[in-house]
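The structure appears right after this line, and notes come after that.
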Protein chains: 2
Amino acid sequence: MATMVDVARIAGVSISTVSHVLNGTRNVERSTRERVLAAIEETGYRQDTLARAMRRSKTDSIGLVVSDAGEPAFAEMAHGVENAAAAHGLTLLLANSAEDAEREKRAIRTLLDRRVDGLILARAANTAPDLLPSLQNEKAPLVLLDRLYRDLPLDQVGVENRESMRMLMSHLHSLGHTRFAVVAGDTRVPALTERLDGFFDGMRDAHLDAADQLVLTGTGDDQIRAVLARDLSDFSRTAVIACSTPLAVTALTAIEDAGRATPESVAFATFDGFSYPDLFRPRLTTVRQPAFDMGVAAVSLLLERIEAPEGSPRTVRLRQTLELRESTEAFAASEIHS
Amino acid sequence: MATMVDVARIAGVSISTVSHVLNGTRNVERSTRERVLAAIEETGYRQDTLARAMRRSKTDSIGLVVSDAGEPAFAEMAHGVENAAAAHGLTLLLANSAEDAEREKRAIRTLLDRRVDGLILARAANTAPDLLPSLQNEKAPLVLLDRLYRDLPLDQVGVENRESMRMLMSHLHSLGHTRFAVVAGDTRVPALTERLDGFFDGMRDAHLDAADQLVLTGTGDDQIRAVLARDLSDFSRTAVIACSTPLAVTALTAIEDAGRATPESVAFATFDGFSYPDLFRPRLTTVRQPAFDMGVAAVSLLLERIEAPEGSPRTVRLRQTLELRESTEAFAASEIHS
DNA sequence: CTGTTAGCGCCTTCAT
DNA sequence: ATGAAGGCGCTAACAG
């Protein structure tokens, strides 16, 4: 592998000059520059990013840790992050935490050890409580993505969960639904808590009776499935809302267990949703987050923070969109016909 | 940030000793080691991976380039690669080519510039023909994943596409199907060509008339959709096979365009398939590749190649499994009843 | 068993 | 407009 020394020798200049033409960091006479460029061409020289990074203490790379890159929403975010990073000449180092606090810690440690210039984290539900504070002391700035954190002054990118759920509830209520089941899942995940809060907001908006609603929280998928299925076996409940893709899987399974059909017998709506929404039968009404844009926004925040480490932290909330599909249509129709 | 010099000073030893206890690379008296360890603890010292990599010309990282990390099969492969890499203490640098030759080239260049110790590549359909040969000259070894390449002596990990398609055909034929449509897609992708070859094998096995079969190749999704839909509007064709997930999307759309129902009116089977196969309606019969294991296998091959750069190249083919679901069931039933 | 020292390839003052 | 030279933090001979 050719080094700057080789190039300098061939071009008949000092390595200092080579460095400067490479980085455009000071004026160099035209003819000299051309000799250097020719020598670079001839030797096939490429900058050694490692040596460069070491000298400048800057790697031009950023790290992304997601809980599960397989889930469509996270995959899209990763996509957005990667695109934005590439657009700024940054390389992306990606790590999966698999929703596990221990692996998350290791992944972050690894990326930090690689000296990433900044870190974007969609943390696991059970992130160790001391993790975030300890990260504050690192030189690499941190941006939280999707899985936010209330108690710390941090840069964060999320979506307006509470408002979106409220909007969904309002729509469903206008269709005539009054008895809901919400599959809210792990309330340690802020986004899920917010969605649940939005549900309560919606209930109040619609003056619904709390006693008529079924709220399912926690991590026990099997238990959620069983409770929901049992509940649905009597036909008075008319709408089910799942607060994330995995919860939608659980809920749809429970609906099937109960022998209920969507949308004829129960309306169904979910957050985040599945990859090919128009191939699902029934097509699912979905509150969708602009995942790609969230990734892009996270990179912007990160870059600004790298520029200005001392500015005050910002939280960006993007709007979600309500995609109405047939899983919430039939009930309305039956109302009209009755 | 504390360096080895700080640690050495506090422990009252030379930096050389510190290095050796850190890497376990030579014996060091117990008491000395303990002093060093204590100093490390005290200073919160962490190795500088950059300086280390520069000195050893080894980064303990590998690169993975996939055409689309969003597709379930690739996401799983990436998962497998990442797990295996982590198990060997390697960091994974991930890049997306978005199925674009130019971006692929850039992504590879970036990873190579980061001095990854090895590279795993699931190349785009239209990889520049000179790309692979040029990679042969790099010091970082290369392993091809899923998207193989015939003409070069390379380490490769794929699946037995031809055999699997043949098995699928045999199954469908035994169900009574004799007129097929195969959506084969871009035949520049070796896996797709192999699947198509398997189709022809299957036809011969079953002594079917070539004139009765509809073979759809190429990249024009809209055209494939239109041709297939037109063809399906007469009811003599009874089975459709899609050779990849995106092609399945196209095919299912065309089936719907034609007003045909699966499985009552046409049987349908696909390769690779969707993320939640049991939530799809109808549940799709799928030839599934062991994507995770493919990723793991690719890492193994890569590590062995790093160990022994001169051994002769190996191609590993994993078996796919045929997951029978309801999308191919109804026709059999109607046969039985007729 | 331990210490001294020469770089790895590059950027960046400081001179000229 | 160009060069010389010192280190960034670490590993691996080479010497004791």
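Predicted model only: the values in this text are computed from it and were never measured. Labels below follow one simple rule: chain letters A, B, ... track the order of the sequence lines, proteins then strands, and each chain is numbered from 1.
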Side-chain donor or acceptor of B/Arg56 under 3.5 Å from a matching atom on the base of C/dG7?
no
Can you find a pair of side-chain heavy atoms, one from B/Val81 and one from B/Met294, that are under 4.5 Å apart?
no
Less than 4.0 angstrom between a side-chain N/O of B/Ser19 and OP1 or OP2 of D/dT11, yes or no?
yes
Given C/dC14, D/dT11, D/dA13, the nucleotide with the shortest approach to the side chain of B/Asn23:
D/dT11
Both A/Ile15 and A/Thr32 contact DNA chain D. Taking the nearest nucleotide for each, which residue is further toward the 5' end?
A/Thr32
Would you say the base of D/dG3 and the side-chain of A/Arg26 have a donor-acceptor pair closer than 3.5 Å?
yes
Could you check which residues of residues 33-54 of chain A get a heavy atom under 4.0 Å from DNA chain D? Sort them by number, please.
A/Met54
Tell me whether B/Glu29 is salt-bridged to B/Arg35, with the criterion being a basic N under 4.0 Å from an acidic carboxylate O.
no
Verdict with supporting geometry, A/Tyr149 and A/Arg123, side-chain contact (heavy atoms from CB on, under 4.5 Å)
CA-CA 9 Å; A/Tyr149 200 87; A/Arg123 61 199 185 81; 3.3 Å; yes
Short side-chain N/O contact from A/Thr17 to OP1 or OP2 of D/dG3, under 4.0 Å:
yes
For B/Ser244 and B/Asp272, does a side-chain donor sit closer than 3.5 Å to a side-chain acceptor?
no
Just checking, is any N or O donor in the side chain of B/Asn23 or B/Arg52 under 3.5 Å from an acceptor N or O on the other one?
yes
Among D/dG3, C/dT2, C/dT12, the one nearest any side-chain atom of B/Glu29 is C/dT2
